[in-house]
Amino acid sequence: MNMQTGMKLSVAETALCEAYDHALGELPGDGAVLAARDVLISDFKEAGLPTRRVEAWHYTDLRALLRAVPAFDPAASAARIGPLVEGSTVLSVVNGVADARGAVEGVTLRTFANALADGTAADGLVARDGDDTIGRINGAFVRDGFVLDFPAGTELEAPVEIQTIQNAGQVHTRFPATFGANVKATVIERHVAAGDNAAFVTTISDISLADGAEVTWVIFQGQGAADTHLGQIRITLGTDAKLRLYVINAGGKLVRQEIHAVVAGEGSDLILRGINLLGGETHTDVTFTVGHDVPNTTSTEVIRNVIFDRARGVFQGQIRVAPDAQKTDAKMSCNTLLLSDEADFSAKPELEIFADDVQCGHGATVIDIDHTQLFYLMARGIPENKARAMLVNAFVAEIVEELEDEPLVEALEGVIADWLDKHA
Amino acid sequence: MLEIKNLHARIAEDGTEIIRGLNLSVKAGEVAAIMGPNGSGKSTLSYILSGREDYEVTEGDILYDGESILELDPAERAAKGIFLAFQYPVEIPGVATMQFLKVAMNEQRKARGEAELTTPDFMRRVKEAAAELKIAPEMLRRPLNVGFSGGEKKRAEILQMSLLEPKLCILDETDSGLDIDALKIVADGVNALRSPDRAVVVITHYQRLLDYIVPDTVHVLYKGQVIKSGDKTLAHELEANGYADIIGAAA
């Protein structure tokens, strides 16, 4: 797509192009990696940032919303933090650089910088399609991350927490994770700001589950009030594989989380649960696509949004069912608790169904606090502000509890309660 | 303890007047029954006493311990000791029953300037009160009122009442939907709370509940007014003859 021919580059576009020229000497990679980066940045220069005229970005006009991009700031102070769930094995990336001492028993691990240096990561540095702005920017600039390989049959007791902590500047990370047959594991991917300076973060997780693997992957995004976070999760599911993906947004000024799943093995099950806690003057977009390519697969998607102040939220959900993917069962719902007259949420469901024997559905609701429930809590002596916070919390707690993993549920309920304490 | 003077109230949304010059006084230690046909304003009265925003008081006053409560919100009234056992207890998915009980008890204590309960003390109180009401521990592990049967919901209301130790208990049609065994358990729970410094207002359509919670006074509500008051024999009279005679005599 060549949207920008003849158009002047925006401030952010110029900053990204200049940053590439400056950073190139320091970015890891062999010749193949460098060639891949060059292709991506030149495609980016040509297409520019997407505007609302690009269908996939219709509700998030990135060119208008992304006003500036900070320069790289390797000296910004930040430090690793304790895990969200006690007892987790922590792999940390601080200001964009992976801590090479990280290790997880039973898992083959290396830094993404190493995979760039020896060229093994070059094949992954491609855009998904012509509108894949996140793929382009991240691929051009990616500097570090972790490559995780869970050998077949591995069963991890404790969660693995991948944490990226940054304070300022630009951070571009990748986390390719391969789960062998029958692996059982929980991974928490946690992005948090160490300070209030504006940071520009892109990250891509490439998750692939072999036959019979059962994985819970939780993304917690708690960036600072001035930060831009562009995330992408690429998923492939094998036969009888089951992935529970939780995406929780509780921070950032401009956020886009893309989830692209291919359900490629019969009997596989994808469970997506999204929680968007939005406040202030922020913009948060969750864009999801799933392709059911083979018969007898299921997917359910439940998105819960809580919106205060002048925050804006977007959910785009696309379910595609291939012609021979009979008996697909796919259900999507998006429920929004709108707590301010100036808040805004756009939901766009899309079903593309080419098979005739399937069950697919979608629904979207927008509600306010239930006044009968509020009265009931207050009639028991709970003051109004506290009663409201309990009801907002209840709206999202319902889907957190589905995890049925007590320490994880408690940890997530804790971060949700913290956010609500600050915003409600 | 409770004095309602010439109360007029209407539905806030459409202005329909429901309570039309109601007078009632309930003393500490008294159990007062309010009876009346459907649509007489019984449930509305219970909501107005507990401060529901959907109703507007246009005239008159409600005094509780000698002070007007009209300006207080439901939480402030509850902290002062007013408790409404709902006719239809509200289901709240996502709020755990135990968490709700703990927050309610501690918020009321905070409002009264008392120390919060320790967790072991709280657990002990809930366990004891639940056992009295034959409430299974599994029920307390569910979200608030979610998946409770009609009888379980009513018992959960009485559990809350006994834990919160209010001074003025208002029971709105607590007997509806209860079989005789559940009715006895609920009535025992209420009777256990009877004391010289506590008043109970029992709102009911039928006399049946009053066999188990024997009232000191009975008041007949019709078209938003108390049209007749008497002792417990009035309830039996109503059961035998229906409301028509009294309404006819008052008209």
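Protein chains get the first letters and strands the later ones, always in sequence-line order, with residue 1 at the start of each.
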Neighbour count >12 (heavy atoms, 6.0 Å) for atom CD, A:Glu86: no

Can you confirm whether B:Glu13 is buried at CD, in the sense that more than 12 heavy atoms of other residues, nucleotides or ligands lie under 6.0 Å from that atom? no

Between B:Ile92 and A:Leu377, does the side chain to side chain contact (heavy atoms under 4.5 Å, CB included) criterion hold? Intermediate values first, please. CA-CA 10 Å; B:Ile92 310 189; A:Leu377 294 179; 3.8 Å; yes

Counting heavy atoms not belonging to B:Glu67, are there more than 12 under 6.0 Å from its CD? no

Using a cut-off of under 4.5 Å for heavy-atom pairs, which of B:Leu84, B:Ile82, B:Val95, B:Asp73 has the most such pairs with chain A? B:Leu84

Can you tell me if NZ on B:Lys5 sees more than 12 non-hydrogen neighbours from other groups inside 6.0 Å? no

Which atoms of B:Leu164 are under 4.5 Å from chain A, going by heavy atoms: the side chain, the backbone, both sets, or neither? side chain

Return yes when atom CD of B:Glu132 has more than 12 non-hydrogen atoms of other residues, nucleotides or ligands closer than 6.0 Å, and no otherwise. no

A:Asp341 CG: over 12 foreign heavy atoms closer than 6.0 Å: no

Residue B:Pro143 versus chain A: region with a heavy atom under 4.5 Å: neither

Taking everything shown except B:Phe122 itself, do over 12 heavy atoms lie less than 6.0 Å from its CZ? yes

Please state whether the side chain, the backbone, both or neither of B:Glu91 comes within less than 4.5 Å of a heavy atom of chain A. backbone

Which bit of B:Arg52 comes within less than 4.5 Å of chain A, counting heavy atoms only: side chain, backbone, both or neither? both

Considering all heavy atoms of both residues, which atom of B:Ala78 and which atom of A:Gly381 are nearest to each other, and what is their separation? CB-N, 3.3 Å

Cationic tip of A:Arg380 within the cone over B:Phe83's six-membered ring, i.e. under 6.0 Å and within 45° of the normal? yes

Spacing of CD1 belonging to A:Ile382 relative to NZ belonging to B:Lys110, to within rounding of 0.5 Å: 10.5 Å

Is it true that atom NZ of B:Lys153 has more than 12 heavy atoms of other residues, nucleotides or ligands lying nearer than 6.0 Å? yes

Provide the closest heavy-atom pair for A:Ala397 versus B:Gly94 in the form atom of the first, atom of the second, distance. CB-O, 4.0 Å

Does the plane of the ring in A:Tyr376 sit parallel, tilted or perpendicular to the ring in B:Phe100? Use 30° and 60° as the thresholds. parallel

Please flag which part of A:Ile399 lies under 4.5 Å from any non-hydrogen atom of chain B: side chain, backbone, both or neither. neither

Checked B:Pro89, B:Pro93, B:Gly51, B:Ser50 vs chain A; the most non-hydrogen pairs under 4.5 Å come from B:Pro93

Does any heavy atom of chain A fall under 4.5 Å from the side chain of B:Leu101, the backbone, both, or neither of them? neither

